2 protein chains.
Amino acid sequence: MLFRAVTMKDETMKADSKGIKRLPRVTLSGRIAEEIREAVLSGAFPLGSQLNEMELAEKFGVSRGPVREAMQRLIQEGLLHSEPHRGVFVPELTDTDLSDVYYVREAIEGAAVQRIMARQDRKDIHLALMKIAKQMEKTVAQGSWMQVADIDLAFHRELVESAGSFRLSRMYATVQAETKLCMHMLMGGYRSSKALVEEHELLANLIAGDDVAATLRELSRHFGDPIRILRKANAVRQGSEAA
Amino acid sequence: MLFRAVTMKDETMKADSKGIKRLPRVTLSGRIAEEIREAVLSGAFPLGSQLNEMELAEKFGVSRGPVREAMQRLIQEGLLHSEPHRGVFVPELTDTDLSDVYYVREAIEGAAVQRIMARQDRKDIHLALMKIAKQMEKTVAQGSWMQVADIDLAFHRELVESAGSFRLSRMYATVQAETKLCMHMLMGGYRSSKALVEEHELLANLIAGDDVAATLRELSRHFGDPIRILRKANAVRQGSEAA
DNA sequence: GATTTTATGATTGTTGACAATCATACAACT
DNA sequence: AGTTGTATGATTGTCAACAATCATAAAATC
């Protein structure tokens, strides 16, 4: 089953120094928003498909109210798209969207790079990024492209979070979610290869170095041209459908 | 009265080529979200204050459901802050928040500047920005600092929207809302002067020019150090309270 | 008087029902 | 056959009531 029934058991309770646990401070709508978010990002709902609030409520074992509230959150975030009186949909992403997502990613990551590289000590971020790159290397050898993509995203998320800006990270979370949706479009075009690992290692090393301009140029190169990648992916897919 | 009762009359209906108007496609919750948003941004709710959903529902003449949905939107946007079971609050912005808002503004506007300046023809954006600067000049002479601040924000919004990225503009709308909240903190520190107008004119001219690096430097200079401005404002305010 | 316990009122969170809107199927008309 | 009108069912939007939680005041205890 796609969804688990939502209960209020909070598995992340932390104990304070006296062994007393904090009580859960999450609403049903918050939990549901997370569940739906993960389902959308995992590709469980095809692009363009409608989310039926009655079905979701039944599946979660709750009333429609919290489901509606959860969806309002995701709509505002940009992950879902509402058409009043007609329903809530997973957006269909166009070429324009794809370009836009990558443009904005680059803007955010560029800002992060500049802030990080203005610091004297970059050992920690270098270490963290190289560690993720090593993980990617292992997964390229024996995992699926989706797993590699997830590590790729983790690398970039680490980079942005290292900038230490709450708002930059929040914006990036949304953009990464949209990136993940885009990846379902790019499926055949995602380059899961040793060269990809090397690109990430190069980025990590440049960030540890002193040439900001070169780092930003490499970041831009790293993103490539998503539209061309998509076209290539479509060509490959059409080629195999015709055969 | 702070709020008007919300009806479904859509004042922005557009006529198609046959004079046939589109029907309204906005829900109560959407309208309410806008009303609350404007109220918060106008300073009607002090920073840190609680929004009471029962009172709001009564004032709008609707049930609590749409009010809750509206608030979920604004919470997700970052304009309001929810504490489960305790209520929804206008955030209290700290020095850290102030710095963060301005950092992120600069990141977004910097990206917009770079994209705009990669274009050959910049006459339109130059014209639009100079027009807003001229408006600011008039308002400096005879308006309130709040009005000047609004024009200032319009200048920057024009700049970002000229980049033509849906997502950049969406992110910037949120950041501008937070900027507006910050401005209530900066009240006495907002420099409503002829020099401010000149700074904007300079930015417009640099954008029309060819030196990207110089433009980005001026943009950074233009934002100044918000913390120092806040401290100065607080000092001025404390000075007049002691007298 | 200080601290703990209990009661109360206010507010938030959720539910289920009713109202409104839309999409589709079917019937009637040209 | 094509178009228009009507009915029906599905889904979304809103409402009012109940449940749950919190903050505060009052009472009890030390």
Side-chain angles (χ1 to χ4, degrees), chain A residues 3-10 13 18 20-36 45 48-76 79-91, chain B residues 3-10 13 18 20-36 45 48-76 79-91:
Chain A
F3 296 115
R4 315 157 275 188
V6 174
T7 68
M8 287 312 301
K9 181 147 125 183
D10 188 346
M13 285 199 279
K18 294 180 187 135
I20 295 170
K21 294 180 165 59
R22 281 185 168 271
L23 292 172
R25 303 300 299 257
V26 183
T27 56
L28 271 185
S29 57
R31 300 289 304 262
I32 290 163
E34 267 313 299
E35 293 275 336
I36 295 175
F45 296 100
S49 64
Q50 179 167 10
L51 276 68
N52 182 310
E53 66 187 54
M54 294 175 73
E55 284 176 14
L56 290 173
E58 190 175 332
K59 283 188 158 96
F60 284 120
V62 302
S63 78
R64 285 167 48 222
V67 172
R68 293 184 60 83
E69 288 184 18
M71 291 205 284
Q72 293 293 327
R73 297 187 190 196
L74 298 169
I75 290 158
Q76 179 66 33
L79 198 58
L80 296 180
H81 171 65
S82 160
E83 295 183 26
H85 290 287
R86 299 187 62 217
V88 174
F89 302 82
V90 179
Chain B
F3 296 114
R4 315 157 273 187
V6 175
T7 69
M8 286 314 298
K9 180 147 130 185
D10 187 347
M13 286 199 279
K18 293 182 190 139
I20 296 170
K21 293 182 166 63
R22 284 184 165 271
L23 291 173
R25 303 299 300 257
V26 184
T27 56
L28 271 186
S29 57
R31 300 289 303 263
I32 290 163
E34 268 312 299
E35 292 276 336
I36 295 175
F45 296 100
S49 64
Q50 179 166 11
L51 275 67
N52 182 311
E53 66 186 55
M54 294 174 72
E55 284 177 13
L56 289 173
E58 189 174 336
K59 282 190 158 95
F60 284 121
V62 301
S63 77
R64 284 168 47 222
V67 172
R68 293 184 60 81
E69 288 183 17
M71 290 206 283
Q72 294 293 330
R73 297 187 188 195
L74 297 169
I75 289 158
Q76 180 65 34
L79 198 59
L80 296 179
H81 172 65
S82 160
E83 294 184 30
H85 290 288
R86 298 187 62 218
V88 172
F89 302 83
V90 178

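Computed from a predicted model, the values in this text were never measured in an experiment. Chain identifiers are assigned alphabetically (A, B, ...) following the order of the sequence lines, protein sequences preceding nucleic acid strands; residue numbering begins at 1 within each chain.
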I need the [atom1]-[atom2] distance between [X] and [N], as an integer number of Å.
X	N	atom1	atom2	result
A/F60	C/dT14	CZ	C1'	16 Å
B/E58	D/dA16	CD	C1'	14 Å
B/N52	C/dG13	CG	P	12 Å
A/R86	C/dC22	CZ	P	9 Å
A/F89	C/dC22	CZ	C1'	11 Å
B/R31	D/dT14	CZ	P	12 Å
A/E53	D/dG13	CD	P	6 Å
A/E69	D/dT12	CD	P	16 Å

Beyond-backbone contact of [X] with [Y], side-chain heavy atoms, under 4.5 angstrom:
X	Y	answer
A/M71	A/S82	no
A/R68	B/E69	yes
B/R64	B/M54	yes
B/L56	B/N52	no

Report the distance from atom CZ of B/F89 to atom CD of B/E83, rounding to the nearest 0.5 Å.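 Going from CZ on B/F89 over to CD on B/E83, the span is 5.0 Å.
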
Value rounded to 0.5 Å, distance of CD in B/Q72 from CD in A/Q72: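 Rounded to the nearest 0.5 Å, the CD-CD separation comes out at 8.0 Å.
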
What's touching nucleotides 18-21 of chain C from the protein side, N or O pairs under 3.5 Å?
none

Report which part of the nucleic acid A/Q50 touches: base, sugar-phosphate, or nothing (heavy-atom distance under 4.0 Å, all strands).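 Result for A/Q50 = sugar-phosphate.
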
So A/G65, base contact, sugar-phosphate only, or nothing? Heavy-atom distance under 4.0 Å.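 Base: the residue A/G65, judged by heavy atoms under 4.0 Å, touches a nucleobase.
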
Quick check for you: among C/dT15, D/dT14, C/dG13, whose closest atom lies nearest to any side-chain atom of A/V62?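 Given the options C/dT15, D/dT14, C/dG13, the side chain of A/V62 is closest to C/dT15.
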
Counting only side-chain nitrogens and oxygens, does B/S63 get under 4.0 Å of the OP1 or OP2 atom of D/dC15?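 True: B/S63 side-chain N/O within range (under 4.0 Å) of D/dC15 OP1/OP2.
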
Under-4.0 Å side-chain N/O to phosphate OP1/OP2 contact, A/R68 with D/dG13: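 Answer is yes, contact under 4.0 Å.
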
Note the angle between the end axes of the helix from C/dG1-D/dC30 to C/dT30-D/dA1, five pairs defining each, rounded to 10 degrees.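 End-to-end axis angle: 0°.
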
Do you know which of A/I32, A/L51, A/L79, A/V88 makes side-chain contact (heavy atoms from CB on, under 4.5 Å) with A/L74?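 Only match with A/L74 under side-chain contact (heavy atoms from CB on, under 4.5 Å): A/L79.
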
Within 6.0 Å of CD in A/Q50, more than 12 heavy atoms from elsewhere: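 More than 12 heavy atoms, drawn from other residues, nucleotides or ligands, come within 6.0 Å of this atom.
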
Report the residues that fulfil side chain to side chain contact (heavy atoms under 4.5 Å, CB included) with B/S49, sequence neighbours left out, ordered by chain and then residue number.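 Applying side chain to side chain contact (heavy atoms under 4.5 Å, CB included) to B/S49 gives B/F45, B/P46, B/V90.
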
